[in-house]
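So the structure is just underneath, and the comments pick up after that.
Chain letters run A, B, ... following the sequence lines, proteins first and then strands; every chain starts at 1.
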Amino acid sequence: MRAAVIVFPGSNCDRDVALALRQVSGVEPRMIWHRETDLPPLDLIVVPGGFSYGDYLRCGAIAAHSPVMRAVKQRAAAGVPILGICNGFQVLTEAGLLPGALLRNAGLRFVCKDVFLRVENDRTPFTRGYRSGQVVRMPIAHNEGNYFADAETHARLEDEGRVAFRYCGAEGGIDEASNPNGSLAGIAGILDERGRVLGLMPHPERLADPQLGGIDGRAMFEGLLAAVG
Amino acid sequence: MLKATVHVTLKPGVLDPQGKAVQHSLAALGFGGVEQVRQGKYIEVDLAETDRERAHATLDAMCRQLLANTVIENYAIDIAAADIAE
C-alpha cells in the first residue's frame with residue numbers, strides 16, 4: 001500500500017498514523033510536507049491530527065488552502081481514498097471535500113478520553129474491517145469536534161449512508177450522555193458522496209497496537225490495506 | 001489605500017457555546033436583562049486599492065474563500081468612508 005501522510009506545521013499525529021500504517025502494511029508511508037505541489041502515485045492519503053497552523057482563524061482553515069491540498073483534491077477527484085483524522089477531518093471540511101463544519105465542543109472543554117463508536121456503514125474501504133452495528137472503542141482529543149450541518153445536508157448524509165461512525169454507549173445506544181461534544185445526531189465520522197473520503201474526530205491510530213491498550217483502530221488500516229492492496 | 005473591516009458571525013441557529021458562557025457570566029456579575037450574547041470575529045484589512053467597488057468585490061471573495069466559513073458563518077464588509085493617506 002503506497003500511503004502518504006500530509007504534514008503541516010503543527011501536525012502532531014503524523015508519526016502515530018505512519019507507525020500504524022507501517023505496522024499493518026509493512027510499507028513505510030511517505031511523509032509529505034505541506035509545501036509540496038506534486039504527489040507520487042498513491043493508494044491512500046492521510047490528513048493527520050494536530051493543530052495545523054496553530055488553529056489560526058478556524059481549525060483547518062489555513063491548511064485547507066495550503067499548496068499540497070490542491071494536489072490532494074485532485075487525487076480525491078481521481079478516487080484515491082482520503083482519510084482525515086481529527087484536525088484532518090477539520091481540514092477536509094474546510095477544503096470542501098466533506099460537507100458541514102466542526103464547531104467548538106458544546107461543553108466548551110477540550111475532551112480527551114476513550115469513547116465508544118457504532119459503525120454505521122461497513123461498505124467502504126475504511127470500514128470494511130468492521131461490521132455495521134459493531135461497537136468499537138477509540139480515543140478522542142479535541143476542542144472543536146462538534147459536527148454541524150444544515151438540515152438538508154444532514155438528511156442527505158443519513159439517506160445516503162454517509163454517516164460512518166456515531167458516538168454511542170457501551171452497548172451501542174445513541175443518546176446525549178454518550179455524545180462527548182454536542183455533535184449533530186452523535187456524528188463522529190462522515191463520508192463523501194462516493195465513500196472515498198472519510199473524516200472522523202476519533203483517533204484509530206491511537207488504538208492500533210496492543211501496547212497502546214487496544215487494537216480497535218487497527219481494523220481501519222487493515223481494511224484499507226485489503227481494499228487497495 | 002482603503003481600510004476595510006470584516007465582521008464574521010455565527011449564523012442564527014448555529015449554537016454558540018462561548019456566547020452562552022459569556023451570557024451566564026454576565027448574569028453572575030449581576031447584569032440583568034441580557035437576552036442573548038453571540039460572539040464573532042473582527043478582522044481589519046488594509047488594501048492597496050482606491051476603487052471601492054473593486055475593493056468590495058475582492059473582500060467578498062476573501063470572505064467566501066477564507067475569512068468566513070459560510071457553512072456556519074455570515075460576514076459583513078465595511079469599507080472606511082474616506083481614503084486614508086499613507
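One distance of note links CG of A/Leu103 with CG of B/Asp16; it measures 9.0 Å at 0.5 Å rounding. Atom CG of B/Leu15 is separated from atom CZ of A/Arg104 by 11.5 Å, given to the nearest 0.5 angstrom.
Contact annotation for A/Leu57: both backbone and side-chain heavy atoms come within less than 4.5 Å of a heavy atom of chain B. Contact annotation for B/Gln18: both backbone and side-chain heavy atoms come within less than 4.5 Å of a heavy atom of chain A.
Residues B/Lys41 and A/Arg58 form a side-chain contact, since some pair of their non-hydrogen atoms from C-beta on lies under 4.5 Å apart.
With a 6.0 Å radius and a threshold of 12 heavy atoms from other residues, nucleotides or ligands, A/Tyr56 has its OH atom at or below the threshold. The environment of CZ in A/Arg109 is sparse: at most 12 heavy-atom neighbours from other residues, nucleotides or ligands sit within 6.0 Å. More than 12 heavy atoms of other residues, nucleotides or ligands sit less than 6.0 Å from atom CD of A/Glu160. For A/Arg75, the CZ atom is densely surrounded, since the number of other residues' heavy atoms within 6.0 Å is greater than 12. Around CG of A/Asp175, the count of heavy atoms belonging to other residues, nucleotides or ligands within 6.0 Å exceeds 12.
Listed by sequence position, B/Gln65, B/Leu66, B/Leu67, B/Ala68, B/Asn69, B/Val71 are the residues of residues 54-71 of chain B in contact with chain A, using a 4.5 angstrom heavy-atom cutoff.
The two residues A/Leu108 and B/Pro17 have their closest heavy-atom pair at CD1-O, 3.4 Å.
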